[in-house]
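This report refers to the structure that appears directly beneath it.
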Amino acid sequence: EVQLVESGGGSVQAGGSLRLSCATSAYTFSRTNCMGWFRQAPGKEREGVATVYTRGESVYYADSVKGRFTISQDSAKSTVYLQMNSLKPEDTAMYYCAADMGYEACWYGRSHSVGSWGQGTQVTVSP
């Protein structure tokens with residue numbers, strides 16, 4: 001069973017920053033090609049935020065977060081990060097870590113081809 005453990009969510013004011021972390025086992029990290037972050041706001045569909053190759057560079061950013069969010073990976077810690085700057089109220093959502101992604105999820109942020117999900121961490125941005 002794949003375990004993805006998210007942390008780092010919380011409540012901030014608009015313009016603030018948060019860093020999310022997603023830790024997994026070394027085994028999972030070594031065999032999954034791409035990991036990423038998705039989010040889901042109440043009443044909305046789950047959407048891709050950012051993805052990264054576990055052995056390299058970022059792959060996908062949603063247009064709404066480009067220039068504000070940065071995804072990175074640390075293979076030594078089997079962890080993926082999402083640095084979120086200049087947060088806006090519309091970034092409020094439950095953020096989910098994802099692994100075992102098909103190419104549609106990794107390249108285009110489409111949630112239907114994600115194989116494994118974390119439990120989610122809440123991000124709330126107040127005006």
Side-chain angles (χ1 to χ4, degrees):
E1 180 182 349
V2 174
Q3 286 196 326
L4 304 171
V5 181
E6 301 111 327
S7 60
S11 297
V12 296
Q13 289 189 326
S17 297
L18 286 171
R19 188 176 82 152
L20 305 183
S21 299
C22 173
T24 188
S25 69
Y27 173 73
T28 296
F29 198 86
S30 69
R31 68 165 181 78
T32 190
N33 184 47
C34 186
M35 293 181 65
W37 291 93
F38 290 69
R39 67 186 181 186
Q40 188 167 20
K44 295 188 176 182
E45 293 187 355
R46 192 170 297 188
E47 63 175 0
V49 176
T51 65
V52 64
Y53 287 130
T54 53
R55 295 166 186 78
E57 69 280 8
S58 61
V59 184
Y60 168 84
Y61 284 102
D63 288 342
S64 59
V65 307
K66 285 179 181 177
R68 301 188 298 121
F69 291 11
T70 302
I71 191 169
S72 61
Q73 53 85 12
D74 185 338
S75 58
K77 297 182 178 180
S78 302
T79 299
V80 172
Y81 302 97
L82 184 68
Q83 179 67 44
M84 305 186 294
N85 298 329
S86 302
L87 282 161
K88 304 176 180 180
E90 50 263 44
D91 294 318
T92 295
M94 186 71 79
Y95 282 70
Y96 296 92
C97 182
D100 296 328
M101 290 191 283
Y103 79 92
E104 289 191 24
C106 186
W107 295 357
Y108 306 117
R110 294 170 185 163
S111 62
H112 69 270
S113 67
V114 172
S116 298
W117 295 103
Q119 80 284 358
T121 186
Q122 178 68 38
V123 172
T124 302
V125 185
S126 57

What distance separates [X] [atom1] from [Y] [atom2], expressed to the nearest 0.5 Å?
X      : Y     : atom1 : atom2 : result
Thr70  : Gln83 : OG1   : CD    : 7.0 Å
Arg39  : Arg46 : CZ    : CZ    : 13.0 Å
Met35  : Thr51 : CE    : OG1   : 11.0 Å
Asp100 : Thr24 : CG    : OG1   : 8.5 Å
Lys44  : Glu90 : NZ    : CD    : 8.5 Å
Leu4   : Ser78 : CG    : OG    : 11.5 Å

* **Candidate pair Phe69 and Leu87, rule side chain to side chain contact (heavy atoms under 4.5 Å, CB included), full reasoning** => CA-CA 9 Å; Phe69 291 11; Leu87 282 161; 3.7 Å; yes
* **Residue pairs, two or more places apart or on separate chains, that pass disulfide (SG to SG under 2.5 Å) and touch residues 83-127** =>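 Only Cys22-Cys97, Cys34-Cys106 qualify under disulfide (SG to SG under 2.5 Å).
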* To do: Determine which pairs satisfy salt bridge (charged side-chain N to carboxylate O under 4.0 Å, His left out) with at least one residue from residues 56-68, sequence neighbours left out, and list them in order.
  =>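 Of all non-adjacent pairs touching residues 56-68, those that pass salt bridge (charged side-chain N to carboxylate O under 4.0 Å, His left out) are Asp63-Lys66, Arg68-Asp91.
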Is [Y] close to [X] at the side-chain level, that is, under 4.5 Å between some pair of heavy atoms?
X      : Y      : value
Ser113 : Tyr103 : no
Val2   : Arg31  : yes
Gln73  : Thr54  : no
Met84  : Leu20  : yes
Gln122 : Thr92  : yes

Going only through I, L, V, M, F, W and Y residues with side-chain contacts under 4.5 Å, is there a path from [X] to [Y]?
X      : Y      : answer
Val123 : Ile71  : yes
Leu18  : Val49  : yes
Val65  : Val114 : no

* Asked: Should the heavy atoms of other residues, nucleotides or ligands under 6.0 Å from CH2 of Trp107 be counted, would the total exceed 12?
  ->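 Result for CH2/Trp107: open.
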Quick check against the 3.5 Å criterion: does [X] have a side-chain atom that pairs as donor or acceptor with the backbone of [Y]?
X      : Y      : answer
Glu104 : Tyr108 : no
Ser30  : Tyr27  : yes
Ser58  : Val52  : no
Glu6   : Gly120 : yes

* To do: Please list, chain by chain and in numerical order, all residues satisfying ring-ring contact (aromatic ring centres under 6.0 Å, His included) with Tyr96, sequence neighbours excluded.
  =>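 By the ring-ring contact (aromatic ring centres under 6.0 Å, His included) rule, Tyr96 matches no residue at all.
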Can you name the closest pair of heavy atoms from [X] and [Y] and give their distance?
X     : Y     : value
Asn85 : Ser17 : OD1-OG, 2.9 Å
Gly48 : Ala62 : O-CB, 3.5 Å
Thr79 : Phe29 : N-CE1, 3.8 Å

* Asked: Do you know which of Tyr95, Trp117, Tyr60 makes ring pair (Phe, Tyr, Trp, His ring centres under 6.0 Å) with Phe38?
  ->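 Going through Tyr95, Trp117, Tyr60 one by one, the ring pair (Phe, Tyr, Trp, His ring centres under 6.0 Å) with Phe38 is satisfied by Trp117 alone.
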